[in-house]
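Notes for the one structure printed next.
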Amino acid sequence: MPELPEVETICRGLSGAIIGRKFIKVQNFRENLRFPFPVNFVKNLEDRKVEAITRRAKYILIHLDNGTTLMVHLGMSGRMVVHNALRNSRDKHDHVIFHDDMGKEIVFNDPRRFGMMDIVNSSAINEHKLIKDLGLEPLLDSFNGQALHEMLKGRKVPVKLAIMNANLVVGVGNIYACESLFSSGISPLRLAGSLSLEECNTLASEIKKVLLEAIKAGGSTLKDYVASSGEAGYFQHNFKVYGREGQPCVTCDDEIKRIVQGGRSTFYCGNCQG
DNA sequence: CGGCGGTCCTGTCAGC
DNA sequence: TGCTGACAGGACCGCC
């Protein structure tokens, strides 16, 4: 489900809903998602107050008042939805329910269970196994054409796989990789190391632009993504290539092609993306 | 180390 | 209608 814009949208929604709130009861209905839940998961969350919510890559970081942080990753199909009133039923794939001191329920639902949760010391987040090797945040100023050019140097993978590699730059998933390569006029098949500095300038700025526009649109809803409010995003209406195989290119009218790279679908215009 | 393919899991949809 | 196979927003792991 979620790439960076979707996770960012959820973080913002959760911030408004639960900063300053206390978890009075936490229900966990499984022993594991992608990984086992940490020991004493429920016990370590109950009676904790939420102090802040931040994001690193696609990890939602919920900072608690005892110096620990709840890490949440949504995998492909995870959701975090805030319900303002008690529900009298639980959906099939609701795995964790947080009850706050205002009577709200924050529900983690994940059909495919590719998501994960962990609890870490806030001071050691950057040393966490899943965080420590992550690359640059694409929305920061430090991610620019020069930095991109440097990280792609000598790489023989197709540029699309390189920008989806979280050890280089985080948060760019399949949709936004396709879209930013299209708006840059760069073929997804080009070898990463072959991009000029000028092309990297373009690509870095298009990645930022596409991500920011998607955040503004509340993310992209392909099938079942919803923000923490339960609302769908609408950036999918702005897709120029993603999911448009066989349809005309918005620029030149050629048919959009679909190929498979690294086991994932790539959509592009063979004419506009040289 | 870089690069590639397999894998976790469930749901949906197209095609027969 | 029902079965089968392809495919889906992610990313780790092990192998070469």
Can you check the [X] [atom1] to [N] [atom2] distance for me, whole Å?
| X | N | atom1 | atom2 | answer |
| --- | --- | --- | --- | --- |
| A:Asn167 | C:dG10 | CG | C1' | 13 Å |
| A:Asp118 | C:dC12 | CG | P | 13 Å |
| A:Met116 | C:dA11 | CE | P | 11 Å |
| A:Asp224 | B:dT12 | CG | P | 9 Å |
| A:Phe35 | C:dG10 | CZ | P | 16 Å |
| A:Asp94 | B:dT10 | CG | C1' | 15 Å |
| A:Asp91 | B:dT10 | CG | P | 16 Å |
| A:His73 | C:dA11 | NE2 | C1' | 7 Å |

Please state the P separation for the pair B:dG6 and C:dA6 - nearest whole angstrom.
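Between the two P atoms, the distance is 14 Å.
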Using the P atom on both, measure B:dG5 against C:dC7 and round to a whole Å.
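It works out to 15 Å between them.
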Go through [options] for me and flag the one nearest to the [X] side chain.
| X | options | value |
| --- | --- | --- |
| A:Lys58 | C:dG9, C:dA11, B:dC9 | C:dA11 |
| A:Pro111 | B:dG11, C:dG10, B:dC4 | B:dG11 |
| A:Arg34 | B:dG3, B:dC8, B:dC9 | B:dC8 |
| A:Arg155 | B:dC9, B:dG2, B:dC4 | B:dG2 |
| A:Met164 | C:dC12, C:dG10, B:dG11 | C:dG10 |
| A:Lys129 | B:dG11, C:dC7, C:dC13 | C:dC13 |

Flag the pair A:Phe29 / A:His95 as yes when their ring centroid distance falls below 6.0 Å, and as no otherwise.
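A:Phe29 vs A:His95: aromatic centres not under 6.0 Å.
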Could you tell me whether the side chain of A:Thr69 and the main chain of A:Val120 form a donor-acceptor pair under 3.5 Å?
no
Shortest non-hydrogen contact from [X] to [Y]?
| X | Y | value |
| --- | --- | --- |
| A:Tyr176 | A:Ser220 | OH-OG, 2.6 Å |
| A:Glu206 | A:Ser180 | CB-O, 3.9 Å |
| A:Ser265 | A:Arg258 | OG-NH1, 2.5 Å |

So does [X] get a side-chain nitrogen or oxygen closer than 4.0 Å to the phosphate oxygens (OP1/OP2) of [N]?
| X | N | value |
| --- | --- | --- |
| A:His93 | B:dG11 | yes |
| A:Tyr242 | C:dG9 | yes |
| A:Ser265 | C:dA8 | yes |

Using a strict 4.0 Å threshold on nitrogen-to-oxygen distance, state whether A:Arg87 and A:Asp94 make a salt bridge.
yes
Starting at the 5' end of DNA chain C, which residue's closest nucleotide do you reach first, A:Leu130 or A:Phe267?
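That would be A:Phe267.
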Identify whether any heavy atom of [X] sits under 4.0 Å from a base atom; if not, whether one sits that close to sugar-phosphate; answer base, sugar-phosphate or nothing.
| X | result |
| --- | --- |
| A:Tyr176 | nothing |
| A:Arg264 | base |
| A:Gly263 | nothing |

Hey, is A:Phe114 stacking on B:dC8? Ring centres under 5.5 Å, planes under 30°.
yes
Taking for each residue the nucleotide of DNA chain B bearing the nearest heavy atom, is the 5' side occupied by A:Arg112 or by A:Lys223?
A:Arg112
What is the distance from atom CD1 of A:Ile131 to atom CE of A:Met71, rounded to the nearest 0.5 Å?
4.0 Å
Any strand counts, and the cut-off is 3.5 Å on both contacts for Watson-Crick or G-U wobble. Which nucleotide pairs with C:dG9?
none
Quick one: look up who C:dC15 pairs with, Watson-Crick or G-U, both distances under 3.5 Å, and put none if it's unpaired.
B:dG3
